[in-house]
Novice: 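Quick one: this structure, given as structure tokens, is what I'll be asking you about.
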Amino acid sequence: MHVAVEALERALALAPPPAPVRSRRLARAAVAVADGTVVALCAWLGGAPVLAATAAWTIALARYGLRRSRVVASPRVELVRLVHAVAAGAAGVAVGTYALDRPLPRPTLAATTGLVLVALAVERLAARHVFRALRRRGRLLRPVAVVGTGAEAVALATAFRDDPALGYRLAAFVGDAPPPDAGFDGTPVVPRHGKVVEGLQLVGAEGVVVATTDVDPATCNRLVRRLGDAGIHVELSTGLADVDSRRLTVRPLGRFTVVAVDPVARGGRPVAAKRAFDLVVAGAVLVAVAPLLVLVALAVKLDSPGPVLYRQERVGRRGRRFTMLKFRSMVADAEAQQAALAAANEADGPLFKVRHDPRVTRVGRVLRRLSLDELPQLVNVLRGEMSLVGPRPALPSEVVQWEPELFDRLRVLPGITGLWQVRGRSEARFADYRRWDLYYADNWSLGHDLAIVIRTIPAVLSRRGAY
């Protein structure tokens, strides 16, 4: 084994970097070129010295780690660092031009700085979408090993396998025995009490993710030291699968490092702000689309016999039942026909979904595709029965089949849109709905709501998962 490792080390020293490493280096270089081009263009448009501005802001971007994928994995973190880097670059431009006895006028510097910030934010957003698309195709993935072979380790490995957009490819497990999940048969297992560094090099792993619930503290500390000394990137999971990272703060506690979890607001100003947001937006949208509501109502009435609005009992916050409003998209006796379609149900759990449901009318199919059937729910929002953003409104027949944990989603109002709308719509499984609803109820914030509302627009326009 030792001889084989020495031979491998010699080969690695002489050979060019493997293709995935070269691809990521090219990607970083492409981002650097794009950053420089954007800054130079903004400097030219703003009337600032192009060379000085490009040099100052390029150095600032590198200094704030905006070329390292692990630093900018979160869009929020990337934006915060970008603001700091642009501010630092502006200071560099001001000092540099003053030192050269060519001070830049303040209006020119302010205009250029604003242009640089906006342009870089747009460029970085575009780059993020490009990289996510490439990763979904199996490109630019970093090979990593998961330390541990228990439940959390398998969950991490499953996430890497099912969501390539995360940017990781499972290269091996590090543990004393293979994982119990048969889905990972054939995946190499590096003994964690042996020559771990050499074993990771043999399988081509460039980093590790430690499932901390699967590894005792002494072994975890030893591995972190050894891997860090070997230059292998190490990440530690918290074991908190569905807690928003924005709620976490890492801090020292004596000789320990702990993660503090901020509570979620259940009352007070944040809830009042959410209610004000609902009232303002729902009221404004109702006024703006009033002519459209009239046209849709006429189309529904002329297309098939029955009422224009469909009223259905749903379960809201704290289990209170309310009547949810929708434009009718099915024949008038749709509920009576559901039993005959039970065999065609394509959903799992308590959900009922049929892709080509014969009960849907011609106009109803169009309304569903464009989510126009849900516009009357704005009235439910004004009444305080629903929110613009929240968990999917549940039927009473679904609630009686819930497991106890799922009742936690009733801590918040159901929403017209939510994570279920922007991520899966009708294609999602019940397990996905369950996870997304609980995640929202556990982590909601007004900023989170705004992000979901913005993401709902392209989700609806693309008609992804709607039927």
Side-chain angles (χ1 to χ4, degrees), residues 278 282-283 285-316 320-388 390-401 413-418 420-421 424-428 430 433 456 459-461 463-467:
D278 284 343
V285 172
L286 275 175
V287 172
V289 302
L292 176 62
L293 296 177
V294 174
L295 292 176
V296 171
L298 287 173
V300 171
K301 191 65 178 178
L302 295 174
D303 183 53
S304 63
V308 169
L309 292 178
Y310 174 64
R311 294 172 169 83
Q312 189 176 50
E313 188 178 50
R314 297 287 178 123
V315 180
R320 295 171 182 162
R321 300 193 179 190
F322 68 97
T323 301
M324 189 181 75
L325 304 176
K326 298 179 71 174
F327 279 123
R328 183 173 55 83
S329 60
M330 290 187 174
V331 294
D333 61 342
E335 291 188 6
Q337 298 182 29
Q338 181 168 318
L341 296 171
N345 185 19
E346 301 174 20
D348 61 342
L351 302 178
F352 185 87
K353 300 285 183 182
V354 177
R355 186 174 299 273
H356 301 292
D357 196 321
R359 300 172 299 167
V360 179
T361 63
R362 291 173 300 176
V363 168
R365 200 166 299 280
V366 175
L367 298 181
R368 288 185 167 204
R369 287 282 183 181
L370 300 176
S371 296
L372 296 178
D373 59 323
E374 298 172 358
L375 285 176
Q377 291 170 34
L378 292 169
V379 175
N380 292 116
V381 173
L382 295 179
R383 291 175 178 172
E385 300 162 336
M386 294 180 65
S387 174
L388 291 173
R392 189 183 60 86
L395 289 163
S397 60
E398 296 174 4
V399 173
V400 297
Q401 301 180 56
L413 289 170
I416 296 178
T417 186
W420 48 276
Q421 175 79 303
R425 300 189 76 182
S426 297
E427 295 177 347
F430 180 70
Y433 284 126
T456 298
V460 170
L461 294 178
R463 306 179 186 179
R464 184 179 69 248
Y467 58 81

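For the single chain, residues carry numbers from 1 onward in sequence order.
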Novice: What salt bridge (charged side-chain N to carboxylate O under 4.0 Å, His left out) pairs are there with at least one residue in residues 296-307, not counting sequence neighbours?
Specialist: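 Pairs touching residues 296-307 that pass the test: Asp303-Arg362.
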
Novice: Check whether any side-chain heavy atom of Arg365 lies under 4.5 Å from a side-chain heavy atom of Ser329, and answer yes or no.
Specialist: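 A side-chain contact under 4.5 Å is absent here.
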
Novice: For Ser304 and Thr361, work out which heavy atoms get closest and say how close.
Specialist: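 Closest pair (atom of Ser304, atom of Thr361, distance): OG-CG2, 3.6 Å.
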
Novice: Backbone N or O of Pro393 within a donor-acceptor pair of the Arg314 side chain at under 3.5 Å?
Specialist: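 The answer is yes, because a donor-acceptor pair under 3.5 Å joins these two groups.
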
Novice: Working to the nearest 0.5 Å, report the span between CG of Leu367 and NZ of Lys326.
Specialist: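 So the gap between those two atoms works out to 10.0 Å.
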
Novice: Which heavy atom of Thr417 sits nearest to which heavy atom of Thr456, and what is that distance?
Specialist: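 Nearest heavy atoms, Thr417 then Thr456: OG1-OG1, 2.7 Å.
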
Novice: Any side-chain heavy-atom pair from Arg368 and Met330 closer than 4.5 angstrom?
Specialist: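 Side-chain contact under 4.5 Å: yes.
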
Novice: How about Leu375 and Leu292: do any of their side-chain heavy atoms sit closer than 4.5 Å?
Specialist: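 The answer is yes; the side chains approach within 4.5 Å.
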
Novice: Holding to side chain to side chain contact (heavy atoms under 4.5 Å, CB included), I want the full list of residues that pass it with Leu295, two or more places apart in sequence or in another chain.
Specialist: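 Checked Leu295 against side chain to side chain contact (heavy atoms under 4.5 Å, CB included); zero matches.
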
Novice: At their closest point, which heavy atom of Pro414 faces which heavy atom of Gly316, and how far apart are they?
Specialist: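 Scanning both residues completely, I find the closest heavy atoms to be CD-CA, 3.9 Å.
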
Novice: Go through the structure and list residues passing side chain to side chain contact (heavy atoms under 4.5 Å, CB included) with Ile416, not counting sequence neighbours.
Specialist: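 In terms of side chain to side chain contact (heavy atoms under 4.5 Å, CB included), with neighbours along the sequence ignored, Ile416 is linked to Glu374, Gln377, Leu378, Val381, Met386, Leu388.
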
Novice: Which residues pass the side-chain hydrogen bond (donor to acceptor under 3.5 Å, both in side chains) test with Arg320, not counting sequence neighbours?
Specialist: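 So Arg320 forms no side-chain hydrogen bond (donor to acceptor under 3.5 Å, both in side chains) with any residue.
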
Novice: Partners of Pro307 by side chain to side chain contact (heavy atoms under 4.5 Å, CB included), sequence neighbours excluded?
Specialist: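 With neighbours one apart ignored, the set is Arg328.
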
Novice: Between Leu372 and Phe327, is any pair of side-chain heavy atoms under 4.5 Å apart?
Specialist: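 SC-SC contact between Leu372 and Phe327 ruled out.
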
Novice: Should Val379 and Arg383 count as side-chain neighbours, where that means a heavy-atom distance under 4.5 Å?
Specialist: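 Yes. Closest side-chain heavy atoms under 4.5 Å.
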
Novice: Looking only at heavy atoms, which two atoms of Ala299 and Val363 are closest? And how far apart?
Specialist: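 Closest heavy-atom pair between Ala299 and Val363: O-CG2, 3.8 Å.
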
Novice: Are any non-hydrogen side-chain atoms of Val308 and Leu298 less than 4.5 angstrom apart?
Specialist: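 SC-SC contact between Val308 and Leu298 ruled out.
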
Novice: Side chains of Val296 and Asp373, heavy atoms from C-beta outward: is any pair under 4.5 Å?
Specialist: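 No; the side chains remain at least 4.5 Å from each other.
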
Novice: Provide the closest heavy-atom pair for Gly306 versus Ala332 in the form atom of the first, atom of the second, distance.
Specialist: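 The pair with the smallest heavy-atom distance is CA-CB, 4.2 Å.
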
Novice: So Leu395 and Val315, do their side chains get closer than 4.5 Å, heavy atoms only?
Specialist: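 No, every pair of side-chain atoms sits at 4.5 Å or beyond.
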
Novice: Between Thr323 and Arg311, do the side chains contain a donor N or O and an acceptor N or O under 3.5 Å apart?
Specialist: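 Absent: no donor and acceptor within the cut-off.
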
Novice: Among residues at least two apart in sequence or on other chains, which ones pass side-chain hydrogen bond (donor to acceptor under 3.5 Å, both in side chains) with Ser387?
Specialist: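 Testing Ser387 for side-chain hydrogen bond (donor to acceptor under 3.5 Å, both in side chains), a comparison that skips the adjacent residues, returns Lys274, Asp278.
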
